[in-house]
Amino acid sequence: SRHPSVKWAQRSDKVFLTIDLPDARDVKLELEPEGRFFFSATTGPCKVPYEIDFDLFDKVDVNESKVSIGMRNICYLVKKAEEKWWSRLLKQEGKPPLFLKVDWDKWVDEDEEPEGTSGANMDFGDMDFSKLNMGGAGDFDFGAADQDKDDGSDTQEESNVEEEAPTVDGAPKAKA
């Protein structure tokens with residue numbers, strides 16, 4: 001079987017694992033208190049099998065860990081048994097497997113973690129795991145950011161709005 005791409009990030013009390021596998025079917029996930037993590041699934045019309053099996057750096061709290069299976073990826077929030085920073089994700093030393101990458105969108109350095117956001121009593125119940133890997137502009141209205149107050153006067157600028165409208169990549173079009 002093949003290995004899907006896996007991204008990871010950590011806080012002092014948890015680890016984020018994001019398995020990128022669109023349209024995953026027959027998903028099987030196992031997380032053991034000693035830190036063993038197992039994942040298998042199939043994808044595509046030929047049901048291509050994918051699998052991951054590795055030992056995390058330290059023990060985890062299986063009961064407080066949560067998973068969200070989406071259309072494009074599987075997000076697993078793994079609660080650490082002890083609140084401490086891990087020096088790496090995997091127990092084995094050496095170079096990590098090629099399919100394992102750091103998730104820079106979620107990464108926070110140990111000295112940058114905000115005070116009071118970690119702790120054994122942290123409630124994960126209100127966290128929406130379906131939005132953990134939402135990249136891009138989202139609901140940002142590009143047009144609203146450039147609008148000035150309308151003072152009611154017809155100026156030359158307003159008549160050239162079409163010429164100055166941004167292109168798809170966000171750069172302004174050249175004036176005619």
Side-chain angles (χ1 to χ4, degrees), residues 1-140:
S1 64
R2 301 175 183 185
H3 300 290
S5 175
V6 179
K7 295 185 290 189
W8 77 283
Q10 74 170 320
R11 302 292 185 278
S12 59
D13 61 338
K14 60 189 166 248
V15 172
F16 299 100
L17 294 174
T18 304
I19 303 166
D20 291 325
L21 192 63
D23 302 320
R25 305 262 186 255
D26 305 319
V27 175
K28 291 179 183 68
L29 288 159
E30 290 177 36
L31 182 64
E32 296 176 2
E34 302 80 42
R36 180 178 174 264
F37 178 77
F38 175 80
F39 163 84
S40 71
T42 60
T43 188
C46 298
K47 296 189 180 202
V48 178
Y50 284 83
E51 188 176 284
I52 300 168
D53 190 359
F54 52 64
D55 291 316
L56 298 173
F57 183 76
D58 207 348
K59 295 180 178 168
V60 297
D61 185 341
V62 175
N63 296 326
E64 291 293 317
S65 298
K66 300 185 183 228
V67 68
S68 172
I69 301 172
M71 293 298 293
R72 301 197 112 348
N73 52 36
I74 294 94
C75 297
Y76 213 132
L77 186 141
V78 179
K79 181 84 167 90
K80 295 177 181 178
E82 251 183 272
E83 188 174 320
K84 65 179 181 180
W85 285 84
W86 294 352
S87 59
R88 58 185 179 274
L89 177 66
L90 303 181
K91 189 172 284 189
Q92 74 183 35
E93 292 187 33
K95 193 171 183 175
L98 291 174
F99 63 85
L100 189 59
K101 309 264 188 248
V102 171
D103 190 344
W104 295 113
D105 292 335
K106 293 185 186 87
W107 191 266
V108 173
D109 286 330
E110 186 173 356
D111 58 345
E112 294 175 350
E113 185 173 45
E115 291 291 324
T117 60
S118 61
N121 61 354
M122 189 169 188
D123 180 20
F124 298 109
D126 61 347
M127 188 166 211
D128 186 356
F129 291 97
S130 66
K131 303 218 177 351
L132 277 179
N133 200 26
M134 298 295 286
D139 296 325
F140 185 76

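Please read all numbers here as calculations on a predicted model, not as lab measurements.
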CA sep, side-chain torsions, deciding dist, call: K14, E64, side-chain contact (heavy atoms from CB on, under 4.5 Å): CA-CA 10 Å; K14 60 189 166 248; E64 291 293 317; over 6 Å; no

Pair V62-E32, side-chain contact (heavy atoms from CB on, under 4.5 Å): steps then yes or no: CA-CA 6 Å; V62 175; E32 296 176 2; 5.6 Å; no

Pair V78-K66, side-chain contact (heavy atoms from CB on, under 4.5 Å): steps then yes or no: CA-CA 7 Å; V78 179; K66 300 185 183 228; over 6 Å; no

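Donor-acceptor pairing under 3.5 Å is recorded for the side chains of Q10 and K80. There is a side-chain donor-acceptor pair under 3.5 Å between W107 and D109.
When side chains are defined from C-beta on, L100 counts as touching L90, because their heavy atoms get closer than 4.5 Å. Counting heavy atoms from C-beta on, the side chains of R11 and V108 come closer than 4.5 Å. Contact of the N73 side chain with the I19 side chain is not registered, since no non-hydrogen atoms from C-beta on lie closer than 4.5 Å. Two residues are said to be in side-chain contact when any heavy atoms from C-beta on lie closer than 4.5 Å; D58 and L56 fail this criterion.
The salt bridge (Lys or Arg N to Asp or Glu O under 4.0 Å) contacts involving residues 42-56 comprise R36-D53, where partners must be two or more places apart or lie in separate chains.
The number of heavy atoms from other shown groups lying within 6.0 Å of CD (E112) is above 12.
Ion pairing between K84 and D13 fails under the 4.0 Å rule for side-chain N and carboxylate O.
Distance check: K101 NZ to L98 CG gives 6.0 Å after rounding to the nearest 0.5 Å. Here CZ of F16 is found 9.5 Å from SG of C75. Values are rounded to the nearest 0.5 Å. Atoms NZ and CD, from K59 and E82 in turn, are 9.0 Å apart once rounded to the nearest 0.5 Å. Interatomic distance, CG of L21 versus CZ of R2, reported as 10.5 Å (0.5 Å rounding). Once rounded to the nearest 0.5 Å, the distance linking CD of E110 with CH2 of W86 reads 13.5 Å. The CD1 atom of I74 sits 11.5 Å away from the CG atom of L17 when rounded to the nearest 0.5 Å.
Counting all heavy atoms, side chain and backbone alike, Y50 lies closest to P4 at CD2-N, 3.5 Å.
Aromatic ring orientation, F99 versus F54: parallel (interplanar angle below 30°, classes split at 30° and 60°).
Remark: the backbone N or O of K79 is paired with a side-chain donor or acceptor of S65 at under 3.5 angstrom. Under a 3.5 Å cut-off, the side chain of S68 and the backbone N or O of Y76 do not form any donor-acceptor pair.
For the side chain to side chain contact (heavy atoms under 4.5 Å, CB included) criterion with V6, the lone passing option out of I52, D20, L89, D103 is I52.
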